[in-house]
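One structure below.
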Protein chains: 2
Amino acid sequence: MDGKIINLKSKMEIYKAISGGGNIANCPVRDVIQGVSGKWRSLLMMALAEKPYRFGELRRLVPDISQRMLTQTLYDLQRDGYVHREVFPTKPPSVEYSLTDLGRSMFGAFHQLILWAELNHDAVRAARADFDAAQA
Amino acid sequence: MDGKIINLKSKMEIYKAISGGGNIANCPVRDVIQGVSGKWRSLLMMALAEKPYRFGELRRLVPDISQRMLTQTLYDLQRDGYVHREVFPTKPPSVEYSLTDLGRSMFGAFHQLILWAELNHDAVRAARADFDAAQA
DNA sequence: CAGAATCCTTAAGGATACTG
DNA sequence: CAGTATCCTTAAGGATTCTG
């Protein structure tokens, strides 16, 4: 694992170089990380990594997402090139969402973090409980 | 890569089971993913993965973070068990932040996404440009 | 040096009503 | 069915001032 982290100094230096005149917004890493942030993006990526879904199916799958956020999050994922939107001209219309190659590629990397979360969320929860107890 | 994704149906079912009565907040994956979201968390994790830093050093390293957000983000990372905070009782005091074992473990998984971002951010930017052009 | 406290602005997200 | 449009609430983040 040290092997993965050992070259991070240069990563930070790349970041500093890129961010240049305080223009941190151009940092490519942050740009992509923002793309998996947000309350619903990771969840919808997980769903679509399973198989393509239609709009209404996604609503039922994630019942507590508002329709507005479902629309908007799918739009953002499509804009980033992770999701493909296909309209079938039936009456009433049906729209299917699926991952693009880029989306699947990104999800492959993101998946490592999902696996870690499943294995280690108990440790995180325990850390929080310990910390909160120590504060009191 | 299909091998990684092939069992995601069960992941979604686990999620649905856990979220139970609409209690999506308890989804362990989202709980941990939130832990790498936020404007500064990934950046500070990258910095601390390089080596331990003191408060003021982190400020200089990430010059556009406000002092309030630096304090708060470090606090949150500490609470999640990713970061260790050590106070040296000098005058004036100095405080060093470093990754815990749990933090290094999490970063190992997160690092995959960072590497992906570095390799593919051009594709994401291109996708956005194409999408925006198509909208116009 | 490393913060705590306060106030303020912006952005994310939700609720509701309406439409092709 | 798959959205728009509008309004509203909450949460994230920033600026400023003060302190052990």
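Throughout, a chain's letter reflects where its sequence line sits, starting with A, and its residues are numbered from 1.
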**Message:** Please pick, from C/dC7, C/dA2, D/dA5, the nucleotide with the shortest atom-to-atom distance to any side-chain atom of B/Arg85.
**Reply:** C/dA2
**Complete:** Closest of C/dT6, D/dC1, C/dG14 to the A/Ser94 side chain is D/dC1
Roughly, in whole Å, what's the span from [atom1] in [X] to [atom2] in [N]?
{"X": "A/Leu70", "N": "C/dA12", "atom1": "CG", "atom2": "C1'", "value": "16 Å"}
{"X": "A/Tyr53", "N": "D/dC1", "atom1": "OH", "atom2": "P", "value": "17 Å"}
{"X": "B/Gln78", "N": "C/dA2", "atom1": "CD", "atom2": "P", "value": "15 Å"}
{"X": "A/Arg59", "N": "D/dA2", "atom1": "CZ", "atom2": "P", "value": "10 Å"}
{"X": "A/Ile65", "N": "C/dA15", "atom1": "CD1", "atom2": "C1'", "value": "14 Å"}
{"X": "A/Glu57", "N": "D/dA2", "atom1": "CD", "atom2": "P", "value": "8 Å"}
{"X": "B/Phe55", "N": "C/dA2", "atom1": "CZ", "atom2": "P", "value": "7 Å"}
{"X": "A/Arg68", "N": "C/dA11", "atom1": "CZ", "atom2": "C1'", "value": "11 Å"}

**Asked** Below 4.0 angstrom, N of the basic side chain to O of the carboxylate: do A/Asp101 and A/Arg104 qualify?
**Response** yes
**Message:** Using 0.5 Å steps for rounding, measure from the CZ atom of A/Phe131 to the CZ atom of A/Arg128.
**Reply:** 11.5 Å
**Prompt:** Atom OG1 in B/Thr100, atom NE2 in B/His84: separation rounded to 0.5 Å?
**Reply:** 9.5 Å
**Item:** Comparing A/Pro93 and A/Met69 on DNA chain C - which has the more 5′ nearest nucleotide
**Value:** A/Met69
**Request:** Following the transitive rule for hydrophobic clusters with a side-chain heavy-atom cut-off under 4.5 Å over Ile, Leu, Val, Met, Phe, Trp and Tyr, establish whether A/Val87 and A/Leu70 coincide in one cluster.
**Result:** yes
**Message:** Can you tell me which residue among B/Leu99, B/Val36, B/Ile114 is in a side-chain contact (heavy atoms from CB on, under 4.5 Å) with B/Met45?
**Reply:** B/Leu99
Using a cut-off of less than 4.0 Å, is there contact between a side-chain N or O of [X] and OP1 or OP2 of [N]?
{"X": "B/Lys39", "N": "C/dA11", "result": "no"}
{"X": "B/Lys91", "N": "D/dG20", "result": "no"}
{"X": "A/Arg54", "N": "D/dA2", "result": "yes"}

**Request:** Determine the contact category for A/Tyr97: base if any of its heavy atoms lies under 4.0 Å from a base atom, sugar-phosphate if only primed atoms, P, OP1 or OP2 are that close, otherwise nothing.
**Result:** sugar-phosphate
